[in-house]
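Below is one structure, written out as structure tokens; the observations come after it.
All residue numbers in this chain count up from 1 along the given sequence. This structure is a prediction, so every number in the text was calculated from the model and none was measured.
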Amino acid sequence: MLDGNKVNDIKEISRYGKAKGYLLAKRYKLPTYSNFFIIENEDEVQILLDTYKNQRDFCMRSDTAIGNIPIGVGGQNGNRETIFEYIRRIKQKENELGTKGVAIIYWNNGKFCPTYETDGCFYLNYRTKEELIIDYIGKGWDGSYLSHGSACHETYVIPWEDILFLDDNNRMQYRVKVVGQREYNELRSARVNELSRKGISREEVEKAIPYKYSGIKNDYFRQVVNQVIIPMYDSKDLQRHYKEYIPIAQIENGKVLVPEVILPERLKYKEKGVESEGR
């Protein structure tokens, strides 16, 4: 088991894309989880539960070492029972794909917000010295839809020289796409069906996800600008080494949370000797 707060574990942790992305969020003092653990098997799950006896809820994500094919086990929030089921699913996929998978257990005090109760998510694609592309998906979705390119509700394109002047008052001049009601209905229906297949109450999901798309709230946009967009615009060391970097910022309980900062190496993996890219 690797501990995100242990200096001696950092080198090993940096082999994993999502975990490295968390470390970058922490490095730039973005609002993120308080810590995380990397778990490889059920024995390590039990050690975690024995160590933190009062922790009831967990935020779980799957990961592989950078350069390996993704393990393909979707993230979820769970409890002391379902955490075992989650690591078993990872081990099953590991055997099917022939690649090593791990679970990342993100850590905060208290409960975690279910993905269908988030108030939206921002995918902030910095193209160094060129532009910032903002993809946004609304209440009831999480950032995986944006990173996989499977759904998006709004898109903005901001020239590099305008980023410092971006705010909730002038943002509309940079908007290049907004979802129509028909497309939104289709995306919502697919989202509700997906969550229902996972065993989540359809009634609960229907209540959580709006029937009509009403756009980004100005307060949320302002929070993301101040807490994420401007600090990441000022990240000169990242810009010296990368032509592209992508913070993920989601809104949970009215506040910004940054699970990770994606680097280009996190977007690429090798399958049968051929390099592929996934967004």
Side-chain angles (χ1 to χ4, degrees), residues 1-6 9 13 16-19 21-23 25-26 30-63 71-93 101-122 137-145 147 191-192 194-209 220 223 227 248-260:
M1 181 169 65
L2 300 174
D3 184 334
N5 280 340
K6 287 188 177 180
D9 288 349
I13 285 170
Y16 297 96
K18 293 178 186 177
Y22 163 84
L23 294 176
K26 188 175 180 181
L30 304 179
T32 190
Y33 298 107
S34 60
N35 192 23
F36 70 93
F37 299 89
I38 292 181
I39 303 293
E40 293 189 13
N41 52 55
E42 291 186 48
D43 289 341
E44 291 187 346
V45 169
Q46 191 61 58
I47 291 171
L48 184 71
L49 297 182
D50 289 344
T51 304
Y52 298 96
K53 296 182 185 299
N54 294 327
Q55 184 74 17
R56 304 301 309 172
D57 297 293
F58 301 92
C59 177
M60 305 177 291
R61 300 291 183 267
S62 67
D63 207 358
I71 204 74
V73 177
Q76 67 179 72
N77 292 342
N79 54 39
R80 296 179 75 88
E81 290 74 40
T82 57
I83 192 172
F84 284 101
E85 175 190 340
Y86 192 74
I87 195 68
R88 288 173 195 143
R89 288 171 57 202
I90 290 175
K91 302 309 287 186
Q92 180 181 351
K93 279 288 189 177
V102 298
I104 300 179
I105 311 300
Y106 291 104
W107 202 260
N108 269 339
N109 292 327
K111 293 187 176 182
F112 289 92
C113 178
T115 58
Y116 56 89
E117 290 185 2
T118 62
D119 289 309
C121 186
F122 297 77
I137 199 161
K139 182 176 175 59
W141 279 263
D142 61 76
S144 65
Y145 287 85
S147 60
R191 175 67 166 154
V192 170
E194 175 196 34
L195 290 166
S196 298
R197 286 194 299 270
K198 292 181 177 179
I200 300 170
S201 163
R202 178 175 285 270
E203 181 181 1
E204 185 177 351
V205 172
E206 290 277 8
K207 184 178 179 181
I209 303 178
Y220 295 161
Q223 286 188 56
Q227 298 178 45
I248 300 289
Q250 57 197 44
I251 308 296
E252 295 190 7
N253 301 315
K255 295 184 179 181
V256 179
L257 178 74
V258 180
E260 62 174 317

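Partners of Tyr33 under the ring pair (Phe, Tyr, Trp, His ring centres under 6.0 Å) rule, at least two apart in sequence or in another chain, are Tyr106. By the side-chain hydrogen bond (donor to acceptor under 3.5 Å, both in side chains) test, Glu252 is found to be paired with Gln250, residues two or more places apart in sequence or in another chain being considered. By the salt bridge (charged side-chain N to carboxylate O under 4.0 Å, His left out) test, Lys93 is found to be paired with Glu96, residues two or more places apart in sequence or in another chain being considered. Under the rule for a side-chain contact (heavy atoms from CB on, under 4.5 Å), the partners of Asp43 that lie at least two apart in sequence or sit in another chain are Asn41. For Glu206, the salt bridge (charged side-chain N to carboxylate O under 4.0 Å, His left out) criterion is met by Arg188, Arg202, not counting sequence neighbours. Residues passing the side-chain contact (heavy atoms from CB on, under 4.5 Å) test with Asp119 are Lys139, Tyr220, Ile251, sequence neighbours excluded. In this structure, the side-chain contact (heavy atoms from CB on, under 4.5 Å) partners of Leu49, at least two apart in sequence or on a different chain, are Val45, Gln46, Phe58, Arg80, Ile83, Phe84. For Phe122, the ring pair (Phe, Tyr, Trp, His ring centres under 6.0 Å) criterion is met by Tyr136, not counting sequence neighbours. Asn5 is linked by a side-chain hydrogen bond (donor to acceptor under 3.5 Å, both in side chains) to Lys26, counting only residues two or more places apart in sequence or in another chain. The salt bridge (charged side-chain N to carboxylate O under 4.0 Å, His left out) test applied to Arg56 returns no partner, not counting sequence neighbours. Among residues two or more places apart in sequence or in another chain, the side-chain contact (heavy atoms from CB on, under 4.5 Å) test is passed with Asn79 by Glu81, Thr82. Qualifying salt bridge (charged side-chain N to carboxylate O under 4.0 Å, His left out) partners for Arg191, counting only residues two or more places apart in sequence or in other chains: Asp142, Glu194.
Cys121 approaches Gly143 most closely through the heavy-atom pair SG-CA, 3.4 Å. Heavy atoms only, all atoms of each residue included: Gly4 and Leu23 are closest at O-CD2, 4.3 Å. Here the closest non-hydrogen pair linking Asp63 and Gly17 is OD2-N, 3.4 Å. In terms of heavy-atom proximity, Ile39 sits nearest to Ile105 at CG1-CG1, 3.7 Å. Here the shortest heavy-atom pairing between Ser62 and Val73 reads OG-O, 2.7 Å. Closest approach of Val205 to Ile200, counting heavy atoms only: CG2-CG2, 3.5 Å.
If you take CD on Glu44 and CD1 on Ile38, they are separated by 10.0 Å, rounding to the nearest 0.5 Å. Note: Ile209 CD1 to Thr118 OG1 = 8.5 Å, rounded to the nearest 0.5 Å. Atom CD of Gln223 and atom NZ of Lys255 lie 8.5 Å apart (nearest 0.5 Å). From Thr51, atom OG1 reaches atom CE of Met1 across 5.5 Å, with rounding to the nearest 0.5 Å. Of the inter-residue distances, the one linking Ile87 atom CD1 with Glu42 atom CD reads 8.0 Å to the nearest 0.5 angstrom. Between the CD atom in Glu117 and the NZ atom in Lys207 there is a gap of 9.5 Å [rounded to 0.5 Å].
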Quick one: do Asn77 and Asp57 satisfy side-chain contact (heavy atoms from CB on, under 4.5 Å)? Show the steps, please.
-> CA-CA 7 Å; Asn77 292 342; Asp57 297 293; over 6 Å; no
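Side-chain atoms of Thr32 never come within 3.5 Å of backbone atoms of Ala25 as a donor-acceptor pair (strictly under, hydrogens ignored). Formation of a donor-acceptor pair under 3.5 Å by the Asp9 side chain with backbone atoms of Asp3 is found in this model.
A perpendicular orientation is assigned to the rings of Tyr22 and Phe36, their planes being inclined by more than 60° (bins at 30° and 60°).
Among Arg89, Lys198, Glu85, the single residue meeting the side-chain hydrogen bond (donor to acceptor under 3.5 Å, both in side chains) criterion with Gln76 is Arg89.
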